[in-house]
Asker: 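First the structure, then my questions, so here it is.
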Amino acid sequence: MDKQTFSEQVLAMGDSLYRVARTILRSPADCEDAVQEAVAKAWEKRGTLREERYFRTWLTRIVINECYALCRRREDTVPLDSCTDLRAPTGEPVDTELRDALMALPVKLRVAMVLYYVEGYSVGEIAGMTRVPAGTVKSRLSRGRKLLREALSDTDQGGTVWIS
């Protein structure tokens, strides 16, 4: 992969990588550090990528690994009250109830939900990124939907919340 192609693909994935990092890390600065470090590692290891069509999955996995490494180095946790937004600052309105309910999920469920519903990865791709069987990803998605449905229906005052 040449420098131009690498740069273009990384720039196209910038917001996505940030959102993935935000599901794991508490501070925006830590997210930016993790993404930057992951991109640097990906550049150094680009020769190990077997097929360019898997670049997005490969780089996302590196970001996830870097986030967990940063957590281990800083003994970081994700407290709900310090989370602000899953999206990079774009000025888009944020559904705070949904964001808060999502951020309250256990990190394994939250990562699966964001990768699938926000970033659009397939179950197979998520299984590869998180290094768990596809069935585990499906059960995490199912459990995450159930917990979100419960959390949002509690705040909805009896209204119906549809999460497919």
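What you see is a predicted model, and the numbers here were worked out from it, not measured in a lab.
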Asker: So which heavy atom on P133 is nearest to which on A127, and how close?
Answerer: C-CB, 4.1 Å

Asker: For T60 and Y121, run side chain to side chain donor-acceptor pair (under 3.5 Å): C-alpha distance rounded to whole Å, both residues' side-chain angles, the deciding distance at 0.1 Å, then the answer.
Answerer: CA-CA 10 Å; T60 302; Y121 288 104; 2.7 Å; yes

Asker: Which residues pass the side chain to side chain donor-acceptor pair (under 3.5 Å) test with R50, sequence neighbours left out?
Answerer: none

Asker: Are the side chain of R22 and the backbone of R26 linked by a donor-acceptor contact shorter than 3.5 Å?
Answerer: yes

Asker: Side-chain donor-acceptor pair under 3.5 Å between Y117 and R145, yes or no?
Answerer: yes

Asker: If I compare all heavy atoms of S122 with all of Y116, which pair ends up nearest, and what's the gap?
Answerer: C-CD1, 4.5 Å

Asker: With side chain to side chain donor-acceptor pair (under 3.5 Å) as the rule and sequence neighbours excluded, what pairs involving residues 34-45 come up?
Answerer: K41-E66

Asker: With side chains defined as the heavy atoms from C-beta onward, is the minimum distance between L115 and I64 less than 4.5 Å?
Answerer: yes

Asker: Between the main-chain N or O of M103 and the side-chain N or O of R110, is there a donor-acceptor pair closer than 3.5 Å?
Answerer: yes

Asker: May I ask you to decide if A29's main-chain N or O and E32's side chain share a donor-acceptor pair within less than 3.5 Å?
Answerer: no

Asker: Which atom pair, heavy atoms only, marks the closest approach of L70 to L25?
Answerer: CD2-CD1, 3.7 Å

Asker: Please evaluate residues L102 and L105 with respect to the criterion side-chain contact (heavy atoms from CB on, under 4.5 Å), reporting the C-alpha separation (whole Å), side-chain torsions for both, the decisive distance (0.1 Å), and the verdict.
Answerer: CA-CA 5 Å; L102 186 60; L105 293 175; 3.6 Å; yes

Asker: Determine whether L141 and V123 satisfy the following criterion, side-chain contact (heavy atoms from CB on, under 4.5 Å), listing intermediate values before the conclusion.
Answerer: CA-CA 9 Å; L141 291 171; V123 170; 4.2 Å; yes

Asker: Check whether any side-chain N or O of T136 sits under 3.5 Å from a backbone N or O of V132 as a donor-acceptor pair, and report yes or no.
Answerer: no

Asker: Kindly indicate, with the supporting measurements, whether the criterion side-chain contact (heavy atoms from CB on, under 4.5 Å) is fulfilled by F55 and T5.
Answerer: CA-CA 11 Å; F55 181 79; T5 305; over 6 Å; no

